[in-house]
Amino acid sequence: MRRALAALSPAQQGERAREFTLLVNELMAAQRFEPGDVKLQERAFHQAEATVGLGLELLAAGLVDPAEQARFLAGRIAAIGLRGVFRAGYGPLDKLRRAALALHREGRVSLKTIGSLLDRPWGHALAALARWYPELPVESSSTATRPIAGLRDLARATELIAQAGALAALAFHGYAIDPAWVTRADEPERLSLGDLVRTAIVHLQLPGRRGGFAPLSADDIAWARDHLLQGARLIPALASELRARCLAVGAPQHAEVFVQALLGRLEVELGTLEPGAAGLPDLTRVGSLLTIQRVSVWLKTGLQAS
């Protein structure tokens, strides 16, 4: 943006500087930021800067020579102003927002809050992308976000939404998990689709299993520890099965991400089990699988899984 503005006349630069300040103020008002909050002022500034930058990048698509880009973009800024450039950048952000909200409203990835059933980074991402001003999560943080500052960020945001939808398809179609299991959990808000998929993966390997899915007992998890780990690593057959199910739901491009995220967590869980009664795994310490401990209230009603 600075290079394009530098190609304008001093009078035009002053006009665009005032226009940019107005954009920042409008972003603060739209998001109901406190006017006197310096940190929120800086946030709105970076949002405006990032979205104008994205708009310029979109407008200059196909131009390779830096000097040609600067001349072209200076002409576009003079013609449509920074507000017009901002609109060009915000258009794709609004599409991301609509896609995130549509996925949330399908009811497969959320309970009360947007993306609450999704593992990291997808839950955090969906919540951040569904805001009026969509942002990307800072993946090293559980709450921080940052503006989408270019085409690479735009592609990453699009990918995260696609992966979130693919994870839901993998759970409810690839592994045919009944969505009712979400509401059967004692604390549904602490359950994730990853927990359900990992449980299905283990359950499918159990000898003499009944039905396609059920919460795991301490005996089940002990068997999984003893038979699904080779040394400290999961047996390769689990990854092959997961890839096949990704292919079956039309999401083979996300298979390796899911292998790393879902099976990586399962590997850690089975490798660090803590003993409880009779030397069996302590189910109160198992956090990434759906166990009978986590559906204890439902089990006490005398109901059985269909």
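What you see below is based on every heavy atom in this structure, not just the backbone, and it leaves out hydrogens, waters and symmetry mates. Everything quoted here is computed from the prediction, not taken from an experiment. Positions are given from 1 along the sequence.
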Show the numbers, then the answer: is there a salt bridge (Lys or Arg N to Asp or Glu O under 4.0 Å) between Arg71 and Glu68? CA-CA 5 Å; Arg71 287 192 300 271; Glu68 184 183 3; 5.7 Å; no
CG of Leu263 to CD1 of Ile201: how many Å apart, nearest 0.5 Å? 5.0 Å
Contacts of type ring pair (Phe, Tyr, Trp, His ring centres under 6.0 Å), residue Tyr90, not counting sequence neighbours: Trp132
With side-chain contact (heavy atoms from CB on, under 4.5 Å) as the criterion, how do Leu262 and Leu170 come out once you've worked through the C-alpha distance, each side chain's angles and the decisive distance to 0.1 Å? CA-CA 11 Å; Leu262 301 179; Leu170 180 66; 4.1 Å; yes
Atom CZ of Arg156: over 12 foreign heavy atoms under 6.0 Å: yes
Mark yes or no for whether His124, through its side chain, and Arg120, through its backbone, hold a donor-acceptor pair below 3.5 Å. no
Between Val24 and Gln41, is any pair of side-chain heavy atoms under 4.5 Å apart? no
Quick one: which of Thr199, Asp195, Leu196 gives a side-chain contact (heavy atoms from CB on, under 4.5 Å) with Leu289? Thr199
What residues, two or more places apart in sequence or in another chain, satisfy ring pair (Phe, Tyr, Trp, His ring centres under 6.0 Å) together with His173? none
Between the main-chain N or O of Ser296 and the side-chain N or O of Asp186, is there a donor-acceptor pair closer than 3.5 Å? yes
Check whether any side-chain heavy atom of Val85 sits under 4.5 Å from a side-chain heavy atom of Leu73, and report yes or no. no
In terms of side-chain heavy atoms, does Gln205 have a donor or acceptor partner in Glu241 at a distance below 3.5 Å? no
Any salt bridge linking Glu42 with Lys39? Criterion: basic side-chain nitrogen under 4.0 Å from a carboxylate oxygen. no
Give a yes or no on whether the backbone of Leu82 and the side-chain of Glu19 come within a donor-acceptor separation of less than 3.5 Å. yes
Short side-chain to backbone donor-acceptor contact, Arg225 and Leu270, under 3.5 Å: no
Between Leu283 and Ile221, is there a side-chain heavy-atom distance shorter than 4.5 Å? yes
In Å and rounded to the nearest 0.5 Å, what is the CG to NE2 distance from Leu247 to His254? 12.5 Å
I want to check something: taking the side chain as every heavy atom from C-beta on, are Asp119 and Arg198 in contact at a cut-off of under 4.5 Å? yes
Does any N or O in the side chain of Glu267 come within less than 3.5 Å of the main-chain N or O of Leu234, such that one atom is a donor and the other an acceptor? yes
Consider side-chain contact (heavy atoms from CB on, under 4.5 Å). Of Ile292, Leu299, Thr291, which one does Pro215 pass it with? Ile292
Does the side chain of Arg131 reach to within under 4.5 Å of the side chain of Arg97, using non-hydrogen atoms? no
State whether the number of non-hydrogen atoms from other residues, nucleotides or ligands found under 6.0 Å of Gln260 atom CD is greater than 12. no
Could you state whether Leu154 and Leu101 fall into the same hydrophobic cluster, counting links through intermediate Ile, Leu, Val, Met, Phe, Trp or Tyr residues with side-chain heavy atoms under 4.5 angstrom apart? yes
With no hydrogens and no angle check, is any side-chain donor or acceptor of Tyr133 less than 3.5 Å from a backbone partner on Leu27? no
Classify the angle between the aromatic ring planes of Trp181 and Trp298 as parallel (below 30°), tilted (30 to 60°) or perpendicular (above 60°). perpendicular
Is there a side-chain contact between Arg294 and Leu191 in this structure, where contact means two heavy atoms from C-beta onward sitting under 4.5 Å apart? yes
Under a 4.5 Å cut-off applied to non-hydrogen side-chain atoms, are Leu290 and Phe213 in contact? yes
Are side-chain heavy atoms of Glu49 and Phe20 found at a separation under 4.5 Å? yes
Is there a donor-acceptor contact under 3.5 Å from the side chain of Glu269 to the main chain of Ser288? yes
